[in-house]
**Q** 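Here it is, the structure, as structure tokens.
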Amino acid sequence: MARIPRPLVRPAAAALCCAAVLAGCGPTGDLGDRPDREAVQRLLDGRAAALLHRDEPAYLAGAVPARRAAERQVFRNLADVPLAAWSYRVVSVDGGDRPAARVELDYRVKGYDSAPVAAQESVRLGQDGDGQWRVAAEGADGDQLWEQGPVRVVRGTHSLVLGTTGTASLKTYAADADRAVPAVLRAWGTRGWGGRIVVEVPASLRNMGELLGAPADAYRDIAAVTTGEAGGPASDAPGGRVIVNPEAFGELSAFGRRVVLTHEATHVATRSATAPGTPLWLSEGFADWVAYRGTGRSAPAVAPELARDVAAGHVPRALPSDAAFGTRAAGLAQAYEGAWLACRFIAEEWGDARLVALYRAGADTRRVLGIGTDELTARWRAYVERELG
């Protein structure tokens with residue numbers, strides 16, 4: 001997650017959501033008075049095949065008539081998205097008065113996803129006049145980009161940008177991403193990712209909130225987020241997405257845009273090495289360290305909020321807690337700045353390679369740095385005071 005870097009705005013301006021839409025299927029059959037799991041699976045398998053083969057009539061055949069207009073729009077909104085795979089797995093079926101199925105949807109974008117993007121969704125089933133079961137409604141924790149409008153696609157050297165805004169706007173995101181990814185490759189290498197990212201650009205902050213299944217205000221001061229599960233072998237890690245807040249991103253300078261996308265691309269690159277116990281001060285600080293590495297920006301320029309605290313005699317007593325990185329947490333800017341300074345300190349004291357090794361080792365400071373967390377914290381506090389005082 002990248003907050004809005006305040007010093008980077010123009011003077012005039014101050015874990016799993018990316019998933020596809022669940023629909024019905026192509027060939028349908030009479031499932032009786034109550035749908036069973038195998039029959040629902042066949043229903044959705046046919047629909048998935050129809051989508052991948054761009055067979056609109058077959059895609060719509062599994063929806064009840066009242067649902068078909070909406071499904072037709074979704075089908076057409078997906079026309080330009082280069083899908084390599086799209087499949088459903090029925091988790092459970094409720095055959096009550098309102099029959100429904102809980103379904104896991106997996107999809108991959110061709111050339112970018114080594115593993116599927118996954119989502120859990122619920123589909124309500126209804127019978128048509130001929131007694132056949134079809135999809136009557138669907139629901140998930142958040143909208144999908146293709147539910148918000150036609151998805152336009154722009155390809156960059158290191159990026160694929162999917163958005164519901166104009167193509168010209170999407171090209172600027174691709175250009176920014178293509179400048180960001182090489183910085184991540186220099187710092188992290190290619191291990192654990194393919195050196196390319198997929199960026200989703202909704203039309204507004206409200207649309208971003210809908211994609212993430214959260215109130216838009218929760219992300220007002222967040223320029224972009226990265227979605228996707230962390231941990232596990234790279235080949236098994238579900239695909240991730242960088243989702244942009246177009247309103248906040250539009251207020252950034254060219255340098256600020258590069259910092260934000262480099263930060264998010266770092267999260268994509270490090271996802272397979274991010275363990276459940278990796279502290280956020282390391283994951284967020286490392287992403288900022290990569291983003292600012294080699295830019296020549298001074299510590300007070302990158303960490304102005306923390307610098308003001310230090311000038312007032314308030315040096316942080318501990319490394320930022322995970323809770324400090326909540327989107328609505330007080331002192332969010334100071335948490336990011338302190339985390340960045342922690343990673344900057346480690347790189348200066350032990351070298352860039354040791355910082356990377358610490359990340360891959362799940363923050364085992366004793367094994368990688370030869371000191372415990374208490375000593376690291378004490379030395380970091382002295383470094384913060386020295387750099388910002």
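Everything numeric in this text was worked out from a predicted model, so none of it was measured.
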**Q** So how far is it from H158 NE2 to Y112 OH, rounded to the nearest 0.5 Å?
**A**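 If we round to the nearest 0.5 Å, H158:NE2 and Y112:OH are 10.0 Å apart.
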
**Q** What residues, two or more places apart in sequence or in another chain, satisfy side chain to side chain contact (heavy atoms under 4.5 Å, CB included) together with Q73?
**A**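 Side chain to side chain contact (heavy atoms under 4.5 Å, CB included) check on Q73 returns N77.
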
**Q** Please answer: with hydrophobic residues joined when any side-chain heavy atoms are less than 4.5 Å apart, are L282 and Y292 in the same cluster?
**A**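 Yes.
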
**Q** Verify salt bridge (charged side-chain N to carboxylate O under 4.0 Å, His left out) between R258 and D176, making sure each step is shown before the conclusion.
**A** CA-CA 6 Å; R258 191 185 78 187; D176 289 333; over 6 Å; no

**Q** Are any of the side-chain heavy atoms of V242 and V198 separated by less than 4.5 Å?
**A**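 The answer is no; the side chains never approach within 4.5 Å.
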
**Q** Could you tell me whether the side chains of T377 and D374 share a donor-acceptor contact shorter than 3.5 Å?
**A** no

**Q** A side-chain contact here means heavy atoms from C-beta on lying under 4.5 Å apart; do L83 and R108 qualify?
**A**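 Answer no - side chains too far apart.
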
**Q** Given the rule in the side chain to side chain contact (heavy atoms under 4.5 Å, CB included) test, do W188 and V290 qualify, once you have shown the distances and angles that lead to the verdict?
**A** CA-CA 9 Å; W188 183 259; V290 175; over 6 Å; no

**Q** Measuring from S283:OG to R271:CZ, what's the distance to the nearest 0.5 Å?
**A** 13.5 Å

**Q** Measure centre to centre between the rings of Y59 and W86, then say whether the value is under 6.0 Å.
**A** no

**Q** Check this for me, if you would: do R76 and E56 make a salt bridge, where the nitrogen-to-carboxylate-oxygen distance has to be below 4.0 angstrom?
**A** yes

**Q** Going by distance alone, is a donor N or O of one side chain under 3.5 Å from an acceptor N or O of the other, for Q120 and E104?
**A** yes

**Q** Is a salt bridge present between R68 and E71, judged by a nitrogen-to-oxygen distance below 4.0 Å?
**A**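 Looking at R68 and E71, the cut-off is not met.
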
**Q** Please output the side-chain donor-acceptor pairs of residues 319-332 that fall under 3.5 Å, not counting sequence neighbours, one pair per line with the distance.
**A**
unit_1	atom_1	unit_2	atom_2	d
S321	OG	A324	N	3.4
D322	OD1	L280	N	2.9
T327	OG1	A218	O	3.3

**Q** Do S298 and E387 make a side-chain contact, defined as non-hydrogen atoms from C-beta onward lying under 4.5 Å apart?
**A** no

**Q** Do we see a donor-acceptor contact under 3.5 Å between the side chains of D178 and S159?
**A**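 Short answer, yes.
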
**Q** Would you check if V384 and L306 make a side-chain contact, meaning some heavy-atom pair closer than 4.5 Å?
**A** yes

**Q** Using a 6.0 Å cut-off, check whether atom CD of E385 has over 12 heavy atoms from anything other than its own residue.
**A**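 No - once you tally the heavy atoms of other residues, nucleotides and ligands closer than 6.0 Å, there are 12 at most.
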
**Q** Side-chain contact test, heavy atoms from C-beta onward, threshold under 4.5 Å: evaluate it for L160 versus V109 and give yes or no.
**A** yes

**Q** Is there side-chain contact between T164 and V201, with at least one heavy-atom pair below 4.5 Å?
**A**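 The answer is no, as the side chains (C-beta and beyond) never meet within the 4.5 Å cut-off.
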
**Q** Just so I know, are the side chains of R220 and L205 near enough to count as touching, which here means a heavy-atom distance under 4.5 Å?
**A** yes

**Q** Would you say V368 and L376 are hydrophobically clustered, going by side-chain heavy atoms of ILVMFWY under 4.5 Å?
**A**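 They do share one cluster, since a chain of ILVMFWY contacts under 4.5 Å joins V368 to L376.
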
**Q** Which pairs pass ring pair (Phe, Tyr, Trp, His ring centres under 6.0 Å) with one or both residues in residues 298-320, sequence neighbours excluded?
**A**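 Passing the test, one end in residues 298-320: no pairs.
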
**Q** Quick one, R379 and Y383 - any side-chain contact, counting heavy atoms below 4.5 Å?
**A**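 No - every pair of side-chain heavy atoms lies 4.5 Å or more apart.
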
**Q** Which class fits the ring pair F345 and W350: parallel under 30°, tilted 30 to 60°, perpendicular over 60°?
**A** perpendicular

**Q** Would you call D113-R241 a salt bridge at under 4.0 Å N-O?
**A** yes

**Q** Would you please indicate yes or no on a ring centroid separation below 6.0 angstrom for F286 and W289?
**A** yes

